[in-house]
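A quick write-up on the structure given underneath.
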Amino acid sequence: MNKAKIGRVATQVLVVGAGPVGQGLGIELGLRGIDCLVIDKNDRVGVAPRAKTTNVRSREHFRRWGIAQALRDASPLGIDYPSNVVFTTRLSGHRLARFDNALYCGPGRNPLYSEHAQWIPQYTVEQIMRDRLQTLASVKLQLQCELLGFEQRDDLVIARLGDLKTGEQFEVQAQYMVGCDGPRSLVRDGIGARLEGEYGLSRNYNFVFRAPGLAKAHTHGPAIMYWQINSDVPSLIGPMDTGDRWFFMPTGLAPDVHISKEEAPALIRRATGIDVPYEVLSADEWVASRLLATHYRDRRVFLAGDAAHMHPPFGGFGMNMGIGDAVDLGWKLSAVLKGWGGPPLLDSYERERRPVHVHVMGEATANHKLMSNGLLENDIEADNEQGEAARRRAAEHIRRGKLSEFYTLGTILGDCYADSPVIDRAGRPEPPRDFLNYVPRAEPGCRAPHAWLHDGSSLFDHFGLGLTLLVSSPSGHAGVDAAREEAQRLGIPLAVIQPEEAGIRSLYPQPLTLIRPDQHIAWTGDVWRDDVLARVSGLGVRAKAEA
């Protein structure tokens, strides 16, 4: 590589990593006109499986970004394909249990959320996001571009990048930098953060393969995942794309077991008990771990996504939790760069997201403890009374133990930033968590309760890119004018909405509810206070001095 620097580029935010987290951050910034450079050392193409579930919460953000319909249209199996999860001894064997509409992928309107989840390969999700990035004039995406190192000064970050196509190097001066560069994050190393926790909970493989005729060669019906519970090859298998493309995941492998692409077809044939042609397209060994970074920030440099946290992929939380990081950090960086957000707003990023990461990591790790290997019963494949009894025991174990993996709306929508320095919660205790039952709460820190309006739109469609003041009093409220005046004085973008539907007043019992760009509630009350906007924007002392 040519070591001579050939140029210098300036941008407001440098995002290292162009997976869903980095691109999501780029979209959040680009929608607000923030100059942003998103780089990735890879070309972001290929058939590796990565994430396959875009959950309800992520798709609500995709709706805000204007690409929920594009993602829906790109569904390779069809948006109406049943998101069932089937547990069986083998694809050719005995069915044990089935979870219908797992992960809430069923289309149709649900009053609790604005978008259903979707079973779709991550590489397709990334392409939809890339297409959206290209429509945002202030964002530039540069693939095959590598971060070589960086240093921080008081007012900027200087990063050295290398163009892997030309071998040239150049400098980028950015006001902020965010490491969305995954488990082996160079940015994390550069800010002196370490991953702490437990590495190596299990060894597993992911294979993507083509198998014409496999979908019709078994009797278990359509599903997104088939868990194969047998003593021979405990594994997961399921369809993932057009062209008869499937994934196959042998789980809980011993340290000395290694599977090559050449060996995989015979293993898949053995695991399923079905003899059709198997063409392996990709093979990836992966290790499940539970790891959390010691800190997510050093001055002007932040971490998001897998650079900050890693957990087993059971429950479909990983990519989606990273998108949540991007949303939280994106609007806050924008507010600070535009002058209506103060330093406490950036301080709140880790305060808000770390408890979410800890909670979800606990859920995912608990799910991981009950893999196919852990559901095995003696004689489970036997065609006799002992086999029938073993399958009944396994089925009961599955129904009890895996509910928290496939029906988790309370985990997906129940985050509450109760400890945030920019949430005015007024001493309320943090609401209880329930993985299954999501209870809408119009309380500071919680996600705003969703509703469908009589014109067919979602209530969320009417929230602004800045703060939104929802007035649920049918006759208006005297505090609205004061709120508008205060927002104008502080330069804070504030939208005011007053839905006419009576049901909204039931969901939002306080006359005034202040909602952030990420759809979390910042404050509620019956009387407007002149310190509210200063608190939730992080302007604090500056706002008082200007008053």
Arg535 side chain vs Ile423 backbone, donor-acceptor pair below 3.5 Å: yes
Residue pairs involving residues 483-533 (criterion ring-ring contact (aromatic ring centres under 6.0 Å, His included); sequence neighbours excluded): Tyr417-His520, Trp523-Trp528
Any donor-acceptor N/O pair, Ser458 side chain to Trp452 backbone, under 3.5 Å: no
Any side-chain heavy-atom pair of Met371 and Asn204 under 4.5 Å: yes
Parallel, tilted or perpendicular, as decided by the 30° and 60° cut-offs, for the rings of His357 and His309: tilted
Residues Asp73, Gln69; criterion side-chain hydrogen bond (donor to acceptor under 3.5 Å, both in side chains); working and verdict: CA-CA 6 Å; Asp73 293 343; Gln69 185 60 49; 2.7 Å; yes
Side-chain heavy atoms of Thr54 within contact of Leu71, under 4.5 Å: yes
Under-4.0 Å salt bridge between Glu430 and Arg425: no
CG-CD distance between Asn55 and Gln118, expressed to the nearest 0.5 angstrom: 11.5 Å
Rounded distance (nearest 0.5 Å) linking atom CZ of Arg353 with atom CG of Asp325: 4.5 Å
Check: Gln12 side chain, Asp35 main-chain N or O, donor-acceptor pair, under 3.5 Å: yes
Derivation and outcome, side chain to side chain contact (heavy atoms under 4.5 Å, CB included), residues Phe463 and Ile497: CA-CA 8 Å; Phe463 296 171; Ile497 60 174; 3.8 Å; yes
Atom pair OG (Ser537) and CG (Leu467), whose distance is rounded to the nearest 0.5 Å: 7.5 Å
Between CD on residue Gln498 and OG on residue Ser472, distance to nearest 0.5 Å: 8.5 Å
4.5 Å side-chain heavy-atom contact, Val536 and Arg516: no
Considering all heavy atoms, the nearest Gly525-Pro511 contact: O-CD, 3.6 Å
Any donor-acceptor N/O pair, Arg447 side chain to Ala442 backbone, under 3.5 Å: no
With sequence neighbours excluded, residues passing salt bridge (charged side-chain N to carboxylate O under 4.0 Å, His left out) with Arg433: Asp415
Test item: Lys402 side-chain N/O and Leu370 main-chain N/O as donor-acceptor pair under 3.5 Å: yes
Approximate separation, where rounding is to 0.5 Å, of Met319 CE and Thr53 OG1: 8.0 Å
Least distance between heavy atoms, Leu25 atom then Cys180 atom: CD2-SG, 4.3 Å
Trp331 vs Leu345 side-chain heavy atoms within contact, under 4.5 Å: yes
His462 (side chain) donor-acceptor with Ser457 (main chain) under 3.5 angstrom: no
Glu60 vs Arg63, salt bridge (Lys or Arg N to Asp or Glu O under 4.0 Å): CA-CA, chis, key distance, verdict: CA-CA 5 Å; Glu60 288 190 326; Arg63 186 185 182 100; over 6 Å; no
Gln488 atom CD: more than 12 heavy-atom contacts under 6.0 Å: no
Close side-chain approach of Trp227 and Ile398, heavy atoms under 4.5 Å: no
Verdict with reasoning, Thr135 to Arg132, per side-chain hydrogen bond (donor to acceptor under 3.5 Å, both in side chains): CA-CA 5 Å; Thr135 69; Arg132 183 66 173 109; 2.6 Å; yes
Check: Ala102 main-chain N/O paired with Ser83 side-chain donor or acceptor under 3.5 Å: yes
Flag side-chain contact, heavy atom, 4.5 Å: Ile521 against Arg441: no
Lys/Arg-Asp/Glu bridge criterion (N-O < 4.0 Å) met for Glu126, Arg130: yes
Side chain to side chain contact (heavy atoms under 4.5 Å, CB included) between Ile67 and Asp131, intermediate numbers included: CA-CA 9 Å; Ile67 51 177; Asp131 292 345; over 6 Å; no
Arg59 (side chain) donor-acceptor with His116 (main chain) under 3.5 angstrom: yes
Shortest non-hydrogen contact from His477 toward Asp526: NE2-O, 2.7 Å
Side chain to side chain contact (heavy atoms under 4.5 Å, CB included) partner of Thr524, chosen from Leu470, Thr513, Leu512: Thr513
Backbone N/O of Asn101 and side chain of Asn84: donor-acceptor pair under 3.5 Å: yes
Evaluation steps, salt bridge (Lys or Arg N to Asp or Glu O under 4.0 Å), between Arg297 and Glu350: CA-CA 8 Å; Arg297 179 190 183 187; Glu350 184 169 345; over 6 Å; no
Arg300 side chain vs Gln175 backbone, donor-acceptor pair below 3.5 Å: yes
Tyr438 side chain near Ile412 side chain, heavy-atom distance below 4.5 Å: no
Parallel, tilted or perpendicular, as decided by the 30° and 60° cut-offs, for the rings of Trp286 and Phe314: tilted
Side-chain ion pair, Asp328 and Lys332, N-O less than 4.0 Å: yes
Nearest heavy-atom neighbours spanning Pro344 and Pro421: O-CG, 4.2 Å
Minimal non-hydrogen separation, Met129 against Pro20, with atom names: CE-O, 3.2 Å
Side chain to side chain, Leu186 and Val16, heavy atoms closer than 4.5 Å: no
Full working for side chain to side chain contact (heavy atoms under 4.5 Å, CB included) between Leu112 and Leu409: CA-CA 9 Å; Leu112 295 176; Leu409 201 61; 3.8 Å; yes
Phe460 six-ring face occupied by Arg64 cation (under 6.0 Å, within 45°): no
Aromatic plane relationship, Tyr113 with Tyr104 - under 30° parallel, 30 to 60° tilted, over 60° perpendicular: perpendicular
Audit row: Leu333, Ile34, side chain to side chain contact (heavy atoms under 4.5 Å, CB included) steps and yes/no: CA-CA 9 Å; Leu333 283 171; Ile34 300 298; over 6 Å; no
Exercise: identify the closest heavy-atom pair between Glu28 and Ala326: CG-O, 4.1 Å
Residues Glu485, Arg489; criterion salt bridge (Lys or Arg N to Asp or Glu O under 4.0 Å); working and verdict: CA-CA 6 Å; Glu485 290 173 6; Arg489 184 177 70 81; over 6 Å; no
Rounded distance (nearest 0.5 Å) linking atom CD of Glu405 with atom NE2 of His368: 10.5 Å
